[in-house]
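Order of appearance sets the numbers: ligands from 1, and atoms from 1 within every ligand.
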Amino acid sequence: MSSKKYVYLFEEGRADMKNLLGGKGANLAEMTNIGLPVPPGMIITTEACKEFYVNDRRFPPGMEEQVREKIRVLEEKTGKRFGDPANPLLVSVRSGAPVSMPGMMDTVLNLGLNDETVEGLGRAADRRFAFDCYRRFLNMFGDVVLGIEHAKFERILERYKERRGVALDQELPAEDLEQVVAEYRALIERETGQPFPQDPMEQLFMAIYAVFNSWNNDRAIVYRRINKIPDDLGTAVNIQVMVFGNLGDDCGTGVAFTRDPATGARELYGEYLINAQGEDVVAGIRTPRPISDLKVEMPAVYQQFASICERLEKHYRNMQDIEFTIERSRLYILQTRTGKRTAQAAVKIAVDMVHEGLISKEEAIMRVEPAQLDQLLHRRIDPRGSVKVIAKGLPASPGAASGKVVFDADEAEVLGNQGEKVILVRTETTPDDIHGIVAAQGVLTSRGGMTSHAAVVARGMGKPCVCGCEAIRIDYEAGEFRVNDLVVKKEDVISIDGSTGQVILGEVPLIDPELSPEFLELLQWADEIRTLGVRANADTPEDAAKARAFGAEGIGLTRTEHMFMAPDRLPIVQDMILATTTQERQDALDKLLPMQQGDFYGILKAMEGLPVTIRLLDPPLHEFLPNAEELAVEITRLRLTGGDEEELRKKEELLKKVRVLAEFNPMLGHRGCRLGITFPEVYAMQARAIFQATVQLVKEGVKVFPEVEIPLVGEVRELALLRQLVDEVAEQVMKETGVEFEYSVGTMIEIPRAALLADEIAREADFFSFGTNDLTQTTFGFSRDDAEGKFLHEYVEKKILPENPFIVLDQAGVGKLMKMCVALGRQTKPDLVIGICGEHGGEPSSIEFCHRIGLNYVSCSPFRVPIARLAAAQARVKNC
Ligand code: ADP
Ligand code: MG
Ligand code: MG
């Protein structure tokens, strides 16, 4: 019975056989077939590895025979023989999974050497060289295959170098290397209880066994888990005839990228070492030289290499990362793969390749990872400077900033208004600190995770934030924080990097986000391709302008509550809430009206010609009042110290009201449209502010499209009632001013009931916008803060949920509701405009889902607009 084919010669494979031959093997095969100088070799398939595990870690039947057969082919091709003392064949054994996996087995070079063949190799080439190869082989085999600590080999070698007083391996003479080899062999025998295996075939099978085994070593398993690589792919084994870069000064080894992986510039970028083997280049023993030197040193080889690089790039139509070795002035290519690159390089290379006619615009769009663009959209620390990192927290909101340390939001605001740069440092932040965050360059907290208040707010504002930095201990009283013995005082300058979580002492040089011409061009192509609109969430005219500059086609969500939080407003808002008579309430609202009108004027003006969705007040009222416990403490203090009677009475009143407004479950409590139903005068004031701002702008000749949004609707009659209120205000304003204007009224879909009854709700709505944060909370019955703080990570770890559904849209559940809602809504109104706002609107896989279910637009934070534009284009390309 003939067995399955487990072993392929390089010439039998192709680039598209990655699953069977692994990435490295498939590319070696491809390069062989297009005629590049690749040393001959064979590949043992991933299939064999899989069967190895099915068979209790035994080689599948027939595999060994196939390996022996192919070794005979390699012998014929090279005229050398495995184990031949006169002219030995040596090979490398390398692992190679279908996807690149750094956790796997290290390569073994020079396999086939033993006490006899080393002599033969010495006679054929050079004795010093032969023993250099042998000691490398013993070390690699001992470490990688037999599991003997590398340091033990290293110590022996060090001893010889010390004795000679030399720094470099290659300065050791042949006699020393011979002794090193003898000591290595003794070490192996001591450690394993067996003499070092002299039979090359036995060495080979031991190495193959080790490669298969390494698929399930701890490093590999962890790497696969982190990178979501399936456990059942298996690894291939590459066995390749050795070529030698360590035969003298006409030899060398190196790696090169076909373009600069940092900038994307179209020039060879790499390093090489003369008279060196394999990993010497990356090992950092000697300083390698830039590839451009090779042009001078070995012009012919350089020319050949440059033209091969060009050929490989054309062939793969992508930037390549290439390993090469020069043996006695002959060039060999040992590996090629798609080169890793920075975001900046990814963008430049994709765009350049379109101009070079190598790839299409659609391919260019697909070549850039949207999430990677984040790197390009924030200020960051100049990587050329040197910095003193004092602590590390969670990288909660990308970008870097420097400023004076302040511990208090009010102080941050005062200094900020004076034009000072400040970093707000708190144990954690609350809504009371918003004005401080607004005024600060960035936020540092010692507690709280990636979804803490500070993190969410900072991300929304596009400000750098490092949170959960437990190493810093804040002492508000003393006005300082400590990291170990270091004391940082108020107004000392620090820097934070929200992309890495680093906290740095002193000011650091920052560089601006690079919206390079290539980046702009790529986004322009994205706009040509995509059909999904991209809007932004913005609460201020500045954010709106920023969003517009990044390409937003409207505002998908303006939250009005932030406007109520501003320090000049909060007291008035509190008066409104605490009012005991309608008149008192109206007085407060009358004061708020011009302020809100100013807010809306600014945002609508910044978005001239584009739609702006303005959501009426959403959070429960007690969020605008002080904390009950703090208030109680203060009242007690006033009582004890016999403070001002009047003040005491006021505080007691306030506390009573705070307690009345307290809710068992605020998320499901008196908020959203429920506020509008019970306090219609609040919504009426907001509607009036929107429409009066609109009239102002219409009079100035500015085209505006306000969209009034009612939050948290679950029943059509809620919307009908509030829509009527808004329409009445609009009519009044038109009558009072004699100015006609366009506007629309719609609702957020954030309660499952609204999605279920979308056909009814659509009767009263001009538009829908999915508020997927609340919709996720209400669909799962999770409160986000509790879920993320307590159990969600375990759900993800135990694979109950594939991802955090607050970050990546739950397409199965929440998505099903959305799909149903779109269908029902458009059944009533075929042209109903439907969008999504909230974090999911800036997350690429969620954006693709929105494209597929036919939404009109996604809306995300201003800084994510370019990411969303690209992701929307990718969604179109993938789902054409
Ligand atoms: P890695 O994945 O770490 O790059 P490789 O399997 O590519 O590991 O090999 C490690 C080093 O050994 C590389 O520098 C490679 O070029 C070199 N090497 C591998 N096979 C051979 C060979 N047959 N002849 C000479 N050098 C080789
Ligand atoms: Mg390699
Ligand atoms: Mg909501």
Please name the residue in the list I148, D143, V144 that meets the side chain to side chain contact (heavy atoms under 4.5 Å, CB included) test with L146.
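Only match with L146 under side chain to side chain contact (heavy atoms under 4.5 Å, CB included): I148.
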Distance under 6.0 Å and angle within 45° of ring axis: K4 vs Y6
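Here K4 fails the 6.0 Å and 45° test against Y6.
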Parallel, tilted or perpendicular, as decided by the 30° and 60° cut-offs, for the rings of F305 and F324
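Plane angle between 30° and 60°, so tilted.
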Which label fits Y209 and F52: parallel for a plane angle under 30°, tilted from 30 to 60°, or perpendicular past 60°?
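Perpendicular: the ring planes of Y209 and F52 meet at over 60°.
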Is the distance from the Mg ion (ligand 2) to some N, O or S atom of Q335 under 2.8 Å?
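True for Q335.
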Taking heavy atoms and a distance under 4.0 Å, where does R94 meet ligand 1: side chain, backbone, both or neither?
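Just the side chain.
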Select one of side chain, backbone, both or neither to describe which atoms of Q240 lie under 4.0 Å from any atom of ligand 1, heavy atoms only.
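Answer for Q240: both.
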Exactly one of R164, R128, R135 should register a salt bridge (Lys or Arg N to Asp or Glu O under 4.0 Å) with D169. Which one does?
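Result for salt bridge (Lys or Arg N to Asp or Glu O under 4.0 Å) with D169: R135.
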What do you reckon, does Q335 have a nitrogen or oxygen under 3.5 Å from a nitrogen or oxygen of ligand 1?
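N/O-N/O distance under 3.5 Å: yes.
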Contact check: S92 vs ligand 1, nitrogen or oxygen atoms, below 3.5 angstrom:
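In this structure, S92 places an N or O atom under 3.5 Å from an N or O of ligand 1.
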Heavy atoms only: which of L109, V243, V241, T107 lies closest to atom 23 (N) of ligand 1?
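Residue with the shortest heavy-atom distance to the ligand atom: V241.
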For the Mg ion (ligand 2), find the closest N/O/S atom on E323 and give its atom name.
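This turns out to be OE2.
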Are a donor atom and an acceptor atom from the side chains of Q240 and R94 found within less than 3.5 Å of each other?
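Yes, side-chain donor-acceptor contact under 3.5 Å.
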So is Q277 touching ligand 1 or not, going by heavy atoms under 4.0 Å?
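Contact absent.
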